[in-house]
Amino acid sequence: MSGDTSVEVSALAINVTIPEPLRWTDTRRGEEFVLTTLNVRLLPDGHLAAKAYGRPVAGGRGNYVSFRVPDRPELSALVVEAAHRAGALWSSHAGLR
């Protein structure tokens, strides 16, 4: 690409596995879910936003439903650590294969 063309990045997001000791359950539409994954997004202002996703406790395939991440220091630390790790991985990429 030429130096006068800027690349527009529309989204920066990562998926993070929630370690077992940090997982929690929540209910949506009468169904209980165990939350196992965070989707962390880098917002245009540089802050992070996270939503949690999981699977029904009763088993089977549940809907892809997002949940609010509780305001717990250990979950906040996980989000920040994951963002730092993702940044390090992105900055050391080896290009296209």
Side-chain angles (χ1 to χ4, degrees):
M1 291 190 67
S2 66
D4 61 343
T5 303
S6 64
V7 175
E8 182 179 336
V9 176
S10 61
L12 287 172
I14 57 173
N15 292 323
V16 181
T17 300
I18 302 169
E20 291 249 359
L22 300 182
R23 292 179 183 179
W24 70 98
T25 60
D26 205 337
T27 304
R28 181 72 46 89
R29 298 182 195 114
E31 187 168 25
E32 188 176 25
F33 288 77
V34 60
L35 289 305
T36 59
T37 305
L38 296 175
N39 178 268
V40 180
R41 293 175 294 119
L42 179 62
L43 300 174
D45 68 0
H47 288 91
L48 300 171
K51 291 190 178 200
Y53 296 86
R55 62 180 184 280
V57 170
R61 295 180 57 158
N63 295 326
Y64 194 66
V65 180
S66 66
F67 290 86
R68 187 182 75 71
V69 177
D71 186 15
R72 294 179 13 208
E74 62 273 22
L75 291 173
S76 295
L78 176 64
V79 169
V80 170
E81 185 178 336
H84 284 295
R85 177 71 178 131
L89 290 170
W90 273 109
S91 67
S92 65
H93 74 81
L96 289 174
R97 189 169 277 221

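Reckoned from all heavy atoms, side chains included, excluding hydrogens, waters and symmetry mates.
- Residue E32 qualifies as enclosed at atom CD: its count of foreign heavy atoms under 6.0 Å is above 12.
- Scored by the salt bridge (charged side-chain N to carboxylate O under 4.0 Å, His left out) test, R85 finds no partners at all (sequence neighbours excluded).
- Counting all heavy atoms, side chain and backbone alike, V16 lies closest to A82 at CG2-CB, 3.5 Å.
- With values rounded to the nearest 0.5 angstrom, T25 atom OG1 is found 11.5 Å from F33 atom CZ.
- Summarising the geometry, atom CG belonging to N15 is positioned 9.0 Å from atom CG belonging to L38; distances are rounded to the nearest 0.5 Å.
- The side-chain hydrogen bond (donor to acceptor under 3.5 Å, both in side chains) check on D26 picks up nothing, with sequence neighbours excluded.
- The side-chain contact (heavy atoms from CB on, under 4.5 Å) search around D45 returns L43, H47, not counting sequence neighbours.
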What pairs of donor and acceptor atoms, side-chain ones from residues 86-97 against any protein atom, are under 3.5 angstrom apart with sequence neighbours left out?
unit_1 : atom_1 : unit_2 : atom_2 : d
S91    : OG     : G87    : O      : 3.2
S91    : OG     : A88    : O      : 3.1
S92    : OG     : A88    : O      : 3.0
S92    : OG     : L89    : O      : 3.4
H93    : ND1    : G95    : N      : 3.0

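- Across every non-hydrogen atom of W24 and L75, the tightest pair is CZ3-CD1, 3.7 Å.
- Identified under the salt bridge (charged side-chain N to carboxylate O under 4.0 Å, His left out) test for residues 14-23, with sequence neighbours left out: E20-R23.
- In this structure, E31 does not pair ionically with R29, as no charged nitrogen and carboxylate oxygen lie closer than 4.0 Å.
- To the nearest 0.5 Å, the span separating CZ on R55 from OG1 on T37 amounts to 8.5 Å.
- Distance check: L22 CG to L35 CG gives 12.0 Å after rounding to the nearest 0.5 Å.
- The two residues P56 and G60 come nearest to each other via the heavy atoms CD-O, 3.8 Å.
- Annotation for V57: hydrophobic cluster partners, listed by chain and number, are V34 (ILVMFWY side-chain heavy atoms under 4.5 Å, direct or chained).
- Residues V69 and A50 approach most closely at CG2-O, 3.7 Å, considering heavy atoms.
- Under the 6.0 Å distance and 45° angle rule, R28 counts as a cation-pi partner of F67.
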